[in-house]
Q: 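Before I ask anything, let me first share the structure, which is written out below as structure tokens.
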Amino acid sequence: MSNPQKAWETAEAISAERLMAVTALETGAGYVARFTTDEGLRGFGQSLIQHQGGTFGILIMPDGRIPQEREARAILMPHLAEREEVIATVQLAFECSAAASLHDQGRQIHDNITCLLGEDMHTDVACVTVSIAHLSPEAETYGNVEPSNVPSIQAERMGETLTDHYGDIENAGEQLRAALCDLRHFADANGLDFSRWDQSAAKHYGAEADQ
């Protein structure tokens, strides 16, 4: 069995506070890091392992790397190596709390639909992962769409985006700082003048703030 130190380091970097344990697989092919919540775990391209008691796990390789979905499945479920993955587009309608944001409604739907996970012994078909690609709120479905540039809506959307990408940072100001830093990296990588586009954004912000 390889040394679990690198797996521990990766798990602690995700969230040392929510980390419960790092357990080696019986095959020795990797480790499962178990966390108290799924916060910060959904951006690695790997379906989460849902444990009893509402905790979540993610597979980490002995070198500390987090494998993508296909590699992770081959390690966790080697008997699926000769099976084929088929992506099915299905339209479902859910009833959710009207008070919840669209982001929270999406999480509620994701948690609800995971009850489909599992194999049908009669058809030999198993739903192995669920991804929410698009949500259509009731207002949009029935043509009663609020303006998308309302400051409160924009602020809520950005709050959800920051939480998705910087969920391991609890302070809103520090999340904003991290995002601005990364946006500067993005501008450099694409040959853009960040200051110029920041000034342009400030003008758009002023116009929206006056609504």
Side-chain angles (χ1 to χ4, degrees), residues 1-94 96 102-136 160-161 163-169 182:
M1 174 62 63
S2 58
N3 191 319
Q5 180 178 353
K6 291 188 178 297
W8 270 101
E9 291 174 353
T10 298
E12 289 177 340
I14 295 174
S15 177
E17 294 181 354
R18 297 191 302 277
L19 178 62
M20 299 175 63
V22 175
T23 306
L25 297 175
E26 293 183 0
T27 61
Y31 300 86
V32 173
R34 187 171 179 178
F35 296 84
T36 55
T37 72
D38 64 344
E39 184 177 347
L41 300 180
R42 298 188 180 277
F44 295 105
Q46 181 188 134
S47 296
L48 302 183
I49 302 168
Q50 298 191 33
H51 300 280
Q52 291 184 348
T55 59
F56 297 85
I58 190 169
L59 177 66
I60 301 178
M61 303 301 289
D63 61 1
R65 179 174 56 88
I66 298 177
Q68 294 293 295
E69 178 70 14
R70 183 175 295 276
E71 183 181 2
R73 288 181 60 203
I75 293 172
L76 293 171
M77 297 174 285
H79 64 285
L80 296 180
E82 298 181 357
R83 293 169 66 87
E84 179 181 28
E85 182 177 288
V86 177
I87 304 300
T89 301
V90 180
Q91 181 172 316
L92 302 172
F94 292 84
C96 300
L102 193 61
H103 176 78
D104 289 338
Q105 289 174 342
R107 285 187 175 275
Q108 293 168 6
I109 291 171
H110 183 278
D111 291 342
N112 181 270
I113 205 172
T114 51
C115 66
L116 297 177
L117 295 176
E119 185 170 357
D120 187 327
M121 300 303 294
H122 298 288
T123 63
D124 195 33
V125 172
C127 179
V128 294
T129 185
V130 173
S131 176
I132 305 298
H134 176 71
L135 296 173
S136 296
E160 294 169 355
T161 300
T163 298
D164 284 341
H165 293 278
Y166 305 98
D168 55 332
I169 303 176
D182 288 345

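The model shown is predicted, which means the values in this text are computed figures rather than measured ones. Hydrogens, waters and symmetry mates are skipped; everything else that's a heavy atom, side chains included, is used.
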Q: Rounded to the nearest 0.5 Å, what separates atom CG in Leu76 from atom CD in Glu69?
A: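 So the CG of Leu76 and the CD of Glu69 are separated by 9.0 Å.
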Q: Atom NZ of Lys6 and atom CE of Met61: how far apart are they, to the nearest 0.5 Å?
A: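 Between Lys6 NZ and Met61 CE, I get 13.5 Å after rounding to 0.5 Å.
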Q: Rounded to the nearest 0.5 Å, how far apart are CZ of Arg65 and CZ of Phe44?
A: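 So the CZ of Arg65 and the CZ of Phe44 are separated by 13.5 Å.
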Q: Looking only at heavy atoms, what is the nearest atom pair of Val32 and Gly57, with distance?
A: CG1-CA, 4.2 Å
Q: Is there a side chain to side chain contact (heavy atoms under 4.5 Å, CB included) between Ile58 and Gln46 once you walk through the steps?
A: CA-CA 8 Å; Ile58 190 169; Gln46 181 188 134; 3.4 Å; yes
Q: To the nearest 0.5 Å, tell me how far Gln5 CD sits from Asp63 CG.
A: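 Between Gln5 CD and Asp63 CG, I get 13.0 Å after rounding to 0.5 Å.
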Q: Begin from the C-alpha positions of Val22 and Ile60 and carry the test side chain to side chain contact (heavy atoms under 4.5 Å, CB included) through to its verdict.
A: CA-CA 9 Å; Val22 175; Ile60 301 178; 5.9 Å; no
Q: Apply side chain to side chain contact (heavy atoms under 4.5 Å, CB included) to Phe35 and Met20, showing your working.
A: CA-CA 5 Å; Phe35 296 84; Met20 299 175 63; 5.7 Å; no
Q: Which pair of non-hydrogen atoms, one from Ala7 and one from Tyr31, has the smallest distance, and what is that distance?
A: CB-CD1, 3.7 Å
Q: Quick one: CG on Leu41 to CD1 on Ile14, what's the gap to the nearest 0.5 Å?
A: 6.0 Å
Q: What distance do His110 atom NE2 and Arg107 atom CZ have between them, rounded to the nearest 0.5 Å?
A: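 His110 NE2 to Arg107 CZ: 9.0 Å, rounded to 0.5 Å.
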Q: Please find the pair of heavy atoms, one from Ala33 and one from Ala11, that lie closest to each other, and give the distance.
A: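 Heavy-atom minimum between the residues: CB-CB, 3.8 Å.
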